[in-house]
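As structure tokens, the structure follows; a few thoughts come after it.
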There are 2 protein chains.
Amino acid sequence: MREFSRSLPMSLLRAREAVMRQFRPSLRYHGLTEQQWRILRALTSVEAIEVTDLARLAFLLGPSLSRILRDLEARGLIERRSAEADLRRAVVSISPKGLKLIEAVAPTSEAIYAAITKRYGARKLAELQAMLGALEESLASLSGAEGETVEVDE
Amino acid sequence: MREFSRSLPMSLLRAREAVMRQFRPSLRYHGLTEQQWRILRALTSVEAIEVTDLARLAFLLGPSLSRILRDLEARGLIERRSAEADLRRAVVSISPKGLKLIEAVAPTSEAIYAAITKRYGARKLAELQAMLGALEESLASLSGAEGETVEVDE
DNA sequence: CCGATACACTTAACATGTTAATCATTCCAG
DNA sequence: CTGGAATGATTAACATGTTAAGTGTATCGG
């Protein structure tokens, strides 16, 4: 069997961890987890957004998002209201306090990202991202929701 | 600021999720989580191994590993004893029952891996893994353990 | 209208990620 | 030897990942 430490999932896991290890100390310093930061960052790119759409944007599952939004709201970093036309839907937006926090973290975050880019090479980084996107694309159809069966006959 | 959904951490996260989504149903069918599978797989590559080394091999933090080993031992999938020369160290190995489980899961797992490789292309996959390894390598020195400071002057 | 169904969350329950603290054992300077 | 530092592992505490179940609202056919 393939040496599992060289498998694709492990490669991806290690690479991501190597990257996130750079950011975590700064986020931690500002009292944010990686996921909370993702949500706030996502909220800066829109005026307001429904919870379901935010989940897709920040790549979080509903239950995780639900908990985190509760906490971020309690900390006054986001605001939430329900949609007028459909009371099932909740609309979330970042608060002034949340924006201020983003602005405090962003410079360090950008510097780290720049350092990574410089180390690895901007061109190489772009190529890597393209290949990762292609991988995602490749597997989009192989939905993979079967218990034991594997269907591979394309 | 960079569109965060196109950031490197997000690309890595999405790519890994796309891959793991393929494996999870099969693992779940066999009553294993991704991490439990990693541990059992790692144990098949050695006769016996100390907990600390296993953590590095399976890329898990100590506390997570500690909990999972407790559960795997309770299920009879692994065996544990303490090192003779140093009672602080614990030595772990896979049990016959654990091996049997591995053998039950492996065919499906291999088939899925083969399907992914075929879809994405074996050459491209190797190249991707090389680039991921290089990324890890790049960031190995940038240890990143400072609160707010960023030192980038290489 | 009404009841069944679908939808958008939210909660629940359990496993893991993450950092700090604890515990037992070993090592080592004096 | 011995007491303090170092080491290996576990436990604690809290946040998130993941699947299933629950809650309130909307929709739609009859």
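Lettering follows sequence order; numbering is per chain, from 1.
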Nearest to the side chain of [X], which nucleotide is it out of [options]?
X	options	answer
A/I68	D/dT16, C/dG17, C/dC9	D/dT16
B/R70	D/dT11, C/dT16, D/dG17	D/dT11
A/L61	D/dT11, D/dT19, D/dA26	D/dT19
B/V51	D/dT11, D/dT10, D/dA26	D/dT10
B/R28	C/dA20, C/dC9, D/dT19	D/dT19

What integer distance in Å separates [X]:[atom1] from [N]:[atom2]?
X	N	atom1	atom2	value
B/R88	D/dA5	CZ	P	16 Å
A/R89	D/dG24	CZ	P	19 Å
A/L60	C/dC9	CG	C1'	15 Å
B/Q35	D/dG17	CD	C1'	9 Å
B/D86	C/dC27	CG	P	6 Å
B/E50	C/dT25	CD	C1'	14 Å
B/L32	C/dC14	CG	P	19 Å
B/R81	D/dG8	CZ	P	17 Å

Counting the atoms with a prime plus P, OP1 and OP2 as sugar-phosphate, which does [X] contact under 4.0 Å by heavy atoms, base, sugar-phosphate, or nothing?
X	answer
B/R67	base
B/T33	sugar-phosphate
A/T52	sugar-phosphate
A/L65	nothing
B/S66	base

Q: Map A/P63 and A/E84 onto DNA chain D by nearest heavy atom, then report which one ends up closer to the 5' terminus.
A: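 First, find each residue's nearest nucleotide; the 5'-ward one identifies A/P63.
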Q) Pick the nucleotide of DNA chain D nearest each of A/A85 and A/R38; which residue has the one closer to the 5' end? A)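 Result of the comparison: A/R38.
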Taking [Y]'s backbone N and O only, do any of them form a donor-acceptor pair with [X]'s side chain (distance below 3.5 Å, no angle check)?
X	Y	answer
A/K124	B/M131	no
B/S11	A/Q129	no
B/R14	A/L132	no

**Q.** Residue met sooner reading DNA chain C from 5', once A/G62 and A/R24 are mapped to nucleotides
**A.**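 By nearest-heavy-atom nucleotide position, the 5'-most residue is A/G62.
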Q) Out of B/R89, B/R88, B/R56, which one pairs with B/E50 under the side-chain hydrogen bond (donor to acceptor under 3.5 Å, both in side chains) rule? A)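 With B/E50 as partner, side-chain hydrogen bond (donor to acceptor under 3.5 Å, both in side chains) holds for just one option, B/R89.
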Q.
Using a strict threshold of under 4.0 Å (side-chain N to carboxylate O), is an ion pair present between B/E17 and B/R21?
A.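 A salt bridge links B/R21 with B/E17.
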Q: In plain terms, say whether B/E137 and A/R119 are close enough for a salt bridge, that is, a side-chain N and a carboxylate O under 4.0 Å apart.
A: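 Looking at A/R119 together with B/E137, the answer is no, because their closest N to O distance does not fall below 4.0 Å.
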